[in-house]
Amino acid sequence: MVDQNFEGEVYYLEFEDENGNKQYFTEDIILSHEGHEYAVLVHVQDEEADHEGQDDTYMILARIEKNEEGVEEYVPLDEDDDNFETLVKLYEEMEDGE
């Protein structure tokens with residue numbers, strides 16, 4: 001589940017994991033590949049939560065789709081998706097170019 005919220009000038013996305021825990025992300029960059037757009041979403045840590053053992057750079061890839069009402073939704077990709085590795089390489093190449 002994804003809930004899109006505005007807080008100040010930073011755009012936060014709220015995902016609920018399989019255990020019902022809320023995770024917050026912000027959009028780092030949009031990638032275009034084969035006619036589709038994908039977002040690289042970076043985890044935003046909740047200062048009050050326990051983050052022991054969690055990677056500070058946790059990111060997910062999500063395909064941007066429009067629902068029936070025309071509103072953009074982020075659909076997380078898993079590592080088995082055909083485009084996952086290609087998108088990771090595109091992102092890494094962009095990061096190396098900075």
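Keep in mind the model is a prediction, meaning the values are calculated, not measured.
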Spacing of [X] atom [atom1] and [Y] atom [atom2] [to the nearest 0.5 Å]:
X     : Y     : atom1 : atom2 : result
His33 : Leu87 : NE2   : CG    : 5.5 Å
Leu13 : Ile60 : CG    : CD1   : 8.0 Å
Ile29 : Met59 : CD1   : CE    : 11.0 Å
His36 : Glu65 : NE2   : CD    : 8.0 Å
Leu31 : Glu93 : CG    : CD    : 10.5 Å

State, with a plain yes or no, whether a side-chain heavy atom of [X] is found less than 4.5 Å away from one of [Y].
X     : Y     : value
Tyr91 : Leu61 : no
Leu41 : Tyr74 : yes
Glu16 : Asn21 : no
Arg63 : Asp81 : yes

message: Quick check on side chain to side chain contact (heavy atoms under 4.5 Å, CB included): which of Ile64, Asn83, Ile30, Leu90 does Tyr38 satisfy it with?
response: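 Among Ile64, Asn83, Ile30, Leu90, the one meeting side chain to side chain contact (heavy atoms under 4.5 Å, CB included) with Tyr38 is Asn83.
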- request: Check step by step if ring-ring contact (aromatic ring centres under 6.0 Å, His included) holds for Phe15 and Phe25.
  value: CA-CA 8 Å; Phe15 285 79; Phe25 292 82; 5.4 Å; yes
query: Any chance the side chains of Gln23 and Tyr58 put a donor and an acceptor closer than 3.5 Å?
result: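 Not at all, the side chains of Gln23 and Tyr58 share no donor-acceptor pair under 3.5 Å.
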